Structure formats: C-alpha cells, structure tokens
Novice: 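My questions all concern the structure below.
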Amino acid sequence: MSRCPRPIFFSLVFTGLALAMLSGVLLGPVAIPLTALLEAVATSFAATPASVDPELQRQLLILSAIRLPRMLLAALVGACLALCGAAMQGLFRNPLADPTLIGVSAGASLGASLVIVLAPALLGSGAMGGVLAATLSLSLMVVGAFVGGCLAVLLVYRLATAPGVGAPGSTSIATMLLAGIAISALAGAGNSLLSFYADNEMLRRISLWQMGRLDGADWPRVGLATAVLSLLLVGLLGQGRALNALLLGESQARYLGIEVEHLKRRVILLTALGVGVTVAVAGSIVFVGLVVPHMVRLVIGPDHRFLLPASTLLGAALLVVADVLSRLVVAPAELPVGVVTALLGVPFFFSLLVRQRNGGV
Amino acid sequence: MALRAEGVSLSLHGKTLLQATDFQLEAGTISAICGPNGAGKSSLLRLLSADIAPSSGRVSLNGRSLASWAPLARAQTLAVLPQHTALNFAFAVEEVVALGRTPHASGRRRDRQIVDAALRAMDSTHLRARCYTDLSGGEQQRVQLARVLAQLWEASPHGERHLLLDEPTASLDLAHQALVLEMVQDFAAQGVAVCLVVHDLNLAARCADRLLLMRDGAIVASGSPLEVLSEATLQAVFDVEVQVLTHPQRAVPLVVQL
C-alpha cells in the first residue's frame, strides 16, 4: 500500500483550501482584482471615504455583500457535508453511505418544506417584518430539516443493521441504498404535494431542494452554518478512535471498550443536524459527502482520527471550487452548484459501485 | 475472582439456547469448549463477553457483576475474538492490530512496541504494511488474533486478564494452528485465563487444562481431556463412532473417527 505521508497531505489540502477561498472571492461574472481585496482587508470593510473611486467602492460592495458570504457558505457547507459523510460511513461501516444516497437529505428537505408551508400559518404571516422574521423562519427550517434528517438516518440504520441482514457485524448495502430510495421517493412525493399548496415564494424555496444552490448566501446563513460546523467539529473530531473500532462491528467495538449506543446516538444526531442545516441553507448538494471522504481514504487511509479533519478541509475546498465553476461556466448566468457536484460525483459513484461489486473498497 | 457464570440460561425468540449453566474460567488455565453445531458454545461465549445479558443467572468478572463494569475497564481485562469480523475498509495490517490498543492509554511508543510484538507472535510481521482487505482468510484471522493479543498484552489494573477465542484456528494451516496453541499457552503461563471454542478435539486435548463438552444448550461433561474424552461420552455427544487412542508422543488422548 502506498500512502501519502499525512503532514504532506494536510499541508497540500490547507494550501488548496486557501487558494480555493481566494479564487472564490475574486472570480465571478465581475472579476475583482487582488488590489481591491487587499484594500478591503486593509480597511476591514469599513465604510470607505468618499474620495475613493466609485469602481473600487462597487467592488468592495460586491465583496462584502455577495462574494465573501457566498464563498464562506460554500466552504462551510462543503465542510459540513464531507464531515457528515465521513462520520456516517463510519457509523454504517460502509463507504457508500452518503447523506443524499441514503435519504437523509431527502428527509431533511421534506422536513424543511413542511416548515416553509406551515410556518406562515403558525407564525401569522406578515406579523413580523424584515430580518427577525427571516432569521426565525430560517431557524424553523433548520429544526424541520434536522427532525426530517434524524428520522431518515434512524430508519435507514434500523433497516440496514437489523439482525439477520447481511453478515454479522456488517450493514447490508442493498437494504441501506433501497431504504434511501424509499425515503427519497416519499420525500419527493411530499414535496410535490406541498408545492401544490404553496404560493409563489414558497415554491421558489421548495425548488431549492431539488438542486442545491448557494446564491441565497447571506450573513445570517453563514453565521448559522459556522455555529453548526463548530458543534460538529467539537462533537465528532474526538470520536476518531471510537469510529475506527466501530468499523470492526458493534460487538467488537464493545469488546474494545467503546460505548457503542452512546457513539451511535451522537453520530446520528450530529450528522442529521449537519445535513439538516446544509439543506436548510443551500438545498441538497449531492455527492460531496461521498466523494470527499473517499478521496481522503485513497490518499491517507481510513483512520478516522485523520479522515474526519482532512475530509472537513477538502470538502470545504472542493465545494468552493465547484461554486466558482458554477459561476464561470455559463457566465453571466450560473448553474446551481448541486448540478456541478452531481456531474462530478456520478462517474465517481459508478466507479465505486464497480469496485465494491468486485470485492474490496 | 476470575470469570464466572452462575446458573445462566438464555432464551431468544422463545428458543432455549442455554439452560442453567455453571462455568468458571480460572486464571492461568486454558479451558476448551467443544460440541456439535448449535450446542450453545457461542451463546455461552457471548454471555461471558457481555455481548448479551442472560435470561436468568449471573455472570461476574473478578468478583463484580459483568454488567456493572465500565466498558473501558472491562476491555482492559477481557478480550474477545468472535468467529467473524467484517472489516471492509482498507486499513493497513498494523493499524488493525493497533485497534487492540483502543482501551489503553499507554502512549504511542509503547503501543507501537506491543503491536510489533503481537504481529511477531502471530508470524505476521511481514504483513504489517499490507492492506487488510487484500489478505487471505487465514492471514486475516492471524491479524485479528494479533489484535486481541495486543489488547491483553500487559497486566490490567483491574485484576486478572481473560481471553475468549471463538474458533481461533478455523481457517489456519497446521503450522499456524500450532503457533496459536503455543501463544495461548504463553498467555496462560502469564496468568491469563483463556477460553477457546474449538471443533478439533485433538487440538483441544493438546492444549486445554480443562475440556467442556456441550450439547443442546447444556454442559454434559467437564474435566481434564483424559477424563472427558472417552468413547462413550463422545458417541453420546456427537453421534459418531470414535476410538480414543493415546498420542504417540504426548500424554494426551487422541480421537480417531471410525
């Protein structure tokens, strides 16, 4: 086995992330020169004096109102998805467990749609205006997405690891993926039903679930995603050893002193929260949770103590790059970023399926 | 002290797998459990390893109820090798063995030494950098054995150590079967209580201080191999015609199927 030494890999990923973030801020339909960025950093986005030329002011506005929140949201969502994907694959002991494939994203989107359609009735539409209402409905959506995602993971986990399914200590891939299909179909039907009753604004937001997109990025979303990613990092990064032991099977992990039920509950709740939040702020962005951990495993091996942080960093870098691509390919229009990740991820998924069929992953 | 089951029984889905069984694992001795398929050997092992709780009766480890042990402390005292381990992630062999050090906080350097020693004990040093999923069945079994050895390599602060192995030699060639027996005897000599489930009666006779025969969820014979391995008992337990000879070089019985 040839693996890349971990320090080298981590420094490469760090460099990649920095470059991706830089290009995420500078590239787009309006290219922003590096000097404008430096100026922005120097004045720390403070209100610029009137003497500065209007072109620069326009660029600073684009930076602070559009590019920066969007780039940060892409990085945060990518990090969340890749970290959740890596943790979920550990939980399922299966490298094909991706939040979108096993129905977690679908469950989360159904939960969020329900909230969107029901929230005006619950809150009394128009009672509150502006930022407060927006923030409140965003948090409600997160709650809805979290509950939907949680139910989906629990259901799939129960089905795929029921005694009598597959070899002892393993999860059934077929059951796992089939359960994902069933949940996605249910959520699809639910979403269609809800679209039927939704008004125009709701429809626009529900359509977000079909393909993830980042053009709604703003600072409240960035704040929310930052908070959740921090929670995920605190809750999951320390579980590397436990997840490694869990790969041997639940009983074997117990023999090694792991409190398995506790670990399972923690991973299920946190990944549902992570996926739920990404769905609420950016819709369902497919394959990031599958492709990123897999790439990391190929290069530095499956040890979760390093897989989890490395996936977080690489996921952030990749989604920022995908977002830049989505803005550049058909500029000045843009593709939903979910379409870009799907186009990149599907061939990868097929190759994984083929390798799994031929034994060994 | 030691690992002790008192009057344990186990029923799952209305089927009795084990009926009122007493069993004790003594420090520094090797016990072997033999019996036909479905006799309850693995069920007994799962009760002893706290994998499932008995329907009645009680299991205690070093004087305390097994269920009341903190998982970490128990893992430092009791290591279990199940029949099958499904690991389909591409760990390097040495990483798999290092998983055995999970319950210990002995530091990276010490863990490394122990992993090296455990690999050497299982004649697997040459596999150390190989990918676990590329190994043959027998090689994987040796690596898993090395992993449970690494788990019990050093004395535990919580009393005597116990090693439970379910068919550890099932897919090993003759030379490596002998190696496992040697290693098990080494561990017993250090004061570890060892319990093996094996199908090969002659293997059991060669290494065990005590042999238990199980049938239909009960222990039907227990004692030294010489006492237990009689033609009448074996015919009653296994329903096969056997002749019991004496091993040409060792003072142990040798069972030959007729």
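Predicted model only: the values in this text are computed from it and were never measured. Letters A, B, ... are given to chains in the order of the sequence lines, protein chains preceding strands, and every chain is numbered from 1.
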Novice: As a quick check of understanding, evaluate salt bridge (Lys or Arg N to Asp or Glu O under 4.0 Å) for B:E95 and A:R305, giving each step before the final call.
Specialist: CA-CA 12 Å; B:E95 290 175 315; A:R305 286 173 298 172; over 6 Å; no
Novice: Salt-bridged, B:R74 to A:E259, with N to O below 4.0 Å?
Specialist: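 Result for this pair is no, no salt bridge flagged.
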Novice: Rounded to the nearest 0.5 Å, how far apart are OG1 of B:T102 and OH of A:Y255?
Specialist: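 The distance works out to 15.0 Å.
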Novice: Any heavy-atom pair between the side chains of A:N244 and B:F89 that's under 4.5 Å?
Specialist: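 Contact flag for B:F89/A:N244 side chains = no.
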Novice: Hey, what do you get for CZ (A:R93) to CG (B:N88), rounding to the nearest 0.5 Å?
Specialist: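 With rounding to 0.5 Å, CZ (A:R93) is 9.5 Å from CG (B:N88).
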Novice: Could you look at A:R254 and say if it's the side chain, the backbone, both or neither that has a heavy atom under 4.5 Å from chain B?
Specialist: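 A:R254 touches chain B through backbone and side-chain heavy atoms alike.
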Novice: Most heavy-atom pairs under 4.5 angstrom with chain A, which of B:P82, B:G100, B:A79, B:A73?
Specialist: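 Greatest number of close heavy-atom pairs with chain A: B:P82.
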Novice: Please give me the minimum heavy-atom distance between B:A75 and A:G257, naming the atom from each residue.
Specialist: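 Taking B:A75 first and A:G257 second, the nearest heavy atoms are CB-N, 3.3 Å.
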Novice: So how far is it from B:T85 OG1 to A:L247 CG, rounded to the nearest 0.5 Å?
Specialist: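 Output value for this atom pair is 12.0 Å.
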Novice: Check the surroundings of atom CZ in B:R110: do more than 12 heavy atoms from other residues, nucleotides or ligands lie under 6.0 Å from it?
Specialist: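 Atom CZ in B:R110 is crowded, with more than 12 foreign heavy atoms closer than 6.0 Å.
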Novice: Do B:Q144 and A:L248 pass the side chain to side chain contact (heavy atoms under 4.5 Å, CB included) test, and can you show the C-alpha distance, the side-chain angles, and the key distance before you say yes or no?
Specialist: CA-CA 10 Å; B:Q144 292 294 345; A:L248 294 167; 4.0 Å; yes
Novice: Between atom SG of B:C131 and atom CZ of A:R3, what is the distance when rounded to the nearest 0.5 Å?
Specialist: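 Reported value, rounded in 0.5 Å steps: 7.5 Å.
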Novice: Give the member of B:D51, B:V148, B:L87 that has the highest number of heavy-atom pairs under 4.5 Å with chain A.
Specialist: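 Highest number of heavy-atom pairs under 4.5 Å: B:D51.
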Novice: Assess the residue pair A:L256 and B:R147 against the criterion (side chain to side chain contact (heavy atoms under 4.5 Å, CB included)); give the C-alpha distance rounded to whole Å, side-chain angles, the decisive distance to 0.1 Å, and a yes or no.
Specialist: CA-CA 10 Å; A:L256 286 170; B:R147 173 175 69 80; 3.8 Å; yes
Novice: Counting only non-hydrogen atoms closer than 4.5 Å, does B:L78 touch chain A with its backbone (N, CA, C, O), its side chain (CB onward), both, or neither?
Specialist: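 Backbone only.
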Novice: So which heavy atom on B:A90 is nearest to which on A:P302, and how close?
Specialist: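 Shortest heavy-atom contact: O-CD, 3.3 Å.
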